[in-house]
Structure formats: structure tokens, C-alpha cells
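Working notes, beginning with the structure itself.
Hydrogens, waters and symmetry mates are skipped; everything else that's a heavy atom, side chains included, is used. Chain letters run A, B, ... following the sequence lines, proteins first and then strands; every chain starts at 1.
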There are 2 protein chains.
Amino acid sequence: MTNKVQAGDLLRRHGIKKTRQREAVLRILAEAEAPLSVDNIHVTLRREDNTVNLSTIYRMLEMLLEKGLVEQMHHPLGNRFTYALSAYGHSHHLTCTRCGVSTRMNGCPLASALGLLEANHNFRITGHRLEVFGECATCRVK
Amino acid sequence: MTNKVQAGDLLRRHGIKKTRQREAVLRILAEAEAPLSVDNIHVTLRREDNTVNLSTIYRMLEMLLEKGLVEQMHHPLGNRFTYALSAYGHSHHLTCTRCGVSTRMNGCPLASALGLLEANHNFRITGHRLEVFGECATCRVK
DNA sequence: TTGACTGCAAAGTGTTTGCAGCGTC
DNA sequence: GACGCTGCAAACACTTTGCAGTCAA
């Protein structure tokens, strides 16, 4: 997987001022396998002695959201939002209700259904959130 | 639509003690067209001089959730949960990002895709949440 | 140099919890 | 009469906001 997103590039391309904090947060998001909460990002950064204030992370994610660079979802366990770079395209996750781990699903199972939905309900769809939960293979073995 | 859910019946059938508060909350849920937040329920009841404490509503919804009598979703606007009776079966909603109104969609667009998802990811799916948003017909005209 | 960004602290919002009293069965 | 339910108030967790100092361009 060519998981290398150049934080600097991304910022420049979207006319966003480059700062240490922004590069750091973007890097963490780019390296993540699963969506991260604000706290996840904060803790991860702290672990590398690269602190960024919580408010700064919140403000940054809001901006990235507006620019469409990030997707926001709501973690089914633990009432909080999580975020993932949308650079790799729209995606959804399967979350295990036992261990809490999320894994990305291949493609969007709704892609084909959206057109029909729009027509049936006379509604212009601009986005959707899907969260699927259950038991992952590892937890099921136990 | 046979929208008449007998609150008393539902409670008795599931071995839940009957109280004024529980009947009231169930009735409000049964009458609702769209999912309601805890605050929605609280305000609606207050309007009819039938106050029920917020904590009571929270506790009750948690219990109904465990018994599978209610579905919980997360409103895409305004960070909060909403609830709907699942007596009519599993359902999803289209939420207008302009006026905030939710309308129920016919059927579940994922029903057919879930089996494939389970197989592809070696994951036992026990539930999912889907929220679709965009612009409703009314707002689009304006 | 200037406007945008950051950190800090405080406030806001939705939700949960402990406890004493009340009501249902 | 016993146990579970309710209301109240306080605590909690996540998120947002105001403001003054700092930094990238």
C-alpha cells in the first residue's frame, strides 16, 4: 500500500499555512490503519514528545473536514468522533464490539444503492456515514 | 400506517414494571415520525405538563436498547443520540443538512450486502448504523 | 510586519452516577 | 413489605470558545 502522504504537499496544495503542529497531525493520520479520535492523535503525539494542544487538533480537524481532506465518523463504542484521511477515498469500517478494534472495509457497500435512494425519496444525497459492528475473527475464537 | 403501539402491552410483554414515566416516554416514541433525542422527548413531555426527569429517560432508553425494543442512532448534525422504536422493524433515515428534518427510508439498502461483507472480512456482523444526509426536496426548492 | 495559528483556561453540552425517597407489584 | 424506579444534584467526558502571545509568509 502506498501509504505515504506528504503532509507538506497536501497542505501546500490546499493553500494551508504549514506549521509543525499541522504536519504532525497529518502524519499521524496518514500512518493510521483505522480512524483516530482526537485523543488518540493527542496521545500518539505526546508519546513522541511532540505535543499539540487538544484545541489545536480539534480546530485543525474541523478545517480539514471543511476542505474534504478528512472524513468524520462516530465510534459506536465510546461516544466520540473519529477521523481518517480521505486521501485514499471514501471508506467505512467494521468495529469489533469486544475489543474495539476497527478494520477498513473494501469499497462502499452502499455505492450502488445511493442512486435508487435519491430517486425513491426525492432527496439529494451529499454524504453518508456507515458503521458496522460485530465480532472480529480473533475475539470469536476466544 | 398502524402506528398504534400499546405502551402497556409492550411493557407487560417484556416483563417491565409499568410506571407513568415509562408509558409516557413509550407513547412519545410511538407517535414520532422520526428518531427523537432525549431532549426532544423531554421537551415534548413537558409541553403536555407530563414531566419526566432527564436521567429517567436516559436510563429507560438504555434498558429498551438492551431489550432490543429501541434503535439508537447518532444524529449527523448536533452531536447527540436519537432513538426510535424498533417495533416497526429496523430502519434508517435521510437527514436534511439544511433543516435538520429526518425522514424514514423504505427498507435497508444494506440488507443484501451484509452477507458478503461478513464473508469477505471474516467478521460476524451483529448490527450497523447508517445515516444518510443531503438536501430534502423542500429545501432544494428554496 | 501582519494576519493567521497556537496554547491555555474556562465554559458548554450531552450523558452518567450516587443516593434518598417513592411507588408498583 | 420489598424491590425497583424516579428525581435531584453532582460528576464526567468530549468539544468549543475567548483571549493573548507566537510564528509563518
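Side chain of A:Arg20, nearest nucleotide from D:dG7, C:dG14, C:dG7: C:dG7. In this structure, of D:dG7, D:dA24, C:dC25, it is C:dC25 that holds the atom nearest to the side chain of B:Lys18. Which of C:dA9, D:dT15, C:dT15 sits closest to the side chain of B:Val38 comes down to C:dT15. When distances are taken from the side chain of A:Arg22 to each of C:dT15, C:dC5, C:dG7, the shortest belongs to C:dC5. Among the nucleotides C:dT17, C:dG7, C:dT15, the one closest to the side chain of A:Thr56 is C:dG7. For B:Asn79, counting side-chain heavy atoms from C-beta on, the closest listed nucleotide (D:dA25, D:dT15, D:dC8) is D:dT15.
Mapping B:Ser37 and A:Ser55 onto DNA chain C by nearest heavy atom places A:Ser55 closer to the 5' end of the strand.
Rounded to an integer number of Å, the gap from B:Arg46 CZ to D:dG7 C1' is 13 Å. Atom CG in A:Leu11 sits about 11 Å away from atom P in C:dC5, given to the nearest Å. In this structure, the CZ atom of A:Phe81 is 13 Å from the P atom of D:dC14, given to the nearest Å. In this entry the distance linking CG of A:Leu54 with P of C:dT6 reads 14 Å, nearest Å. Atom CG in B:Leu61 sits about 13 Å away from atom C1' in C:dG14, given to the nearest Å. Spacing between atom NE2 of B:His75 and atom C1' of C:dT15 amounts to 18 Å, rounded to whole angstrom units. Whole-Å rounding puts the A:Asn40 CG to D:dC14 P distance at 10 Å. At whole-Å resolution of the value, NE2 in B:His74 and P in C:dG14 are 11 Å apart.
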Q) Taking it one step at a time, do A:Leu10 and A:Arg13 satisfy side chain to side chain contact (heavy atoms under 4.5 Å, CB included)? A) CA-CA 5 Å; A:Leu10 207 63; A:Arg13 244 186 293 138; 3.8 Å; yes

(Q) Working note: A:Asp39 + A:Ser37, criterion side-chain hydrogen bond (donor to acceptor under 3.5 Å, both in side chains); need CA distance, chi angles, decisive distance, verdict. (A) CA-CA 5 Å; A:Asp39 193 58; A:Ser37 68; 5.3 Å; no

Q: Determine, stepwise, if the pair A:Glu23 / A:Arg27 fulfils salt bridge (Lys or Arg N to Asp or Glu O under 4.0 Å).
A: CA-CA 6 Å; A:Glu23 291 192 295; A:Arg27 181 172 49 74; over 6 Å; no

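Within the 3.5 Å criterion, the main-chain N or O of B:Arg140 finds no donor-acceptor partner in the side chain of B:Glu135.
OP1 or OP2 of D:dC8 sits under 4.0 Å from a side-chain N or O of B:Asn53. When the side-chain nitrogen and oxygen atoms of A:Tyr58 are compared with OP1 and OP2 of D:dT16, none of them lie within a distance under 4.0 Å. OP1 and OP2 of D:dC23 both lie 4.0 Å or more from every side-chain N or O belonging to A:Gln21.
For the pairing with A:Arg129, the side chain to side chain donor-acceptor pair (under 3.5 Å) check across A:His74, A:Glu71, A:His92, A:Gln72 returns one residue only, A:Gln72.
Contact annotation: side chain of A:Thr19 to base of D:dA25, donor-acceptor pair absent below 3.5 Å. With hydrogens and angles ignored, no donor-acceptor pair under 3.5 angstrom links the side chain of B:Arg59 to the base of D:dG4.
The residue B:Asp39 sits apart from the nucleic acid: no heavy atom pair falls under 4.0 Å.
Scanning both residues, B:Gly134 and A:Thr126, for their nearest heavy atoms gives CA-OG1, 3.3 Å.
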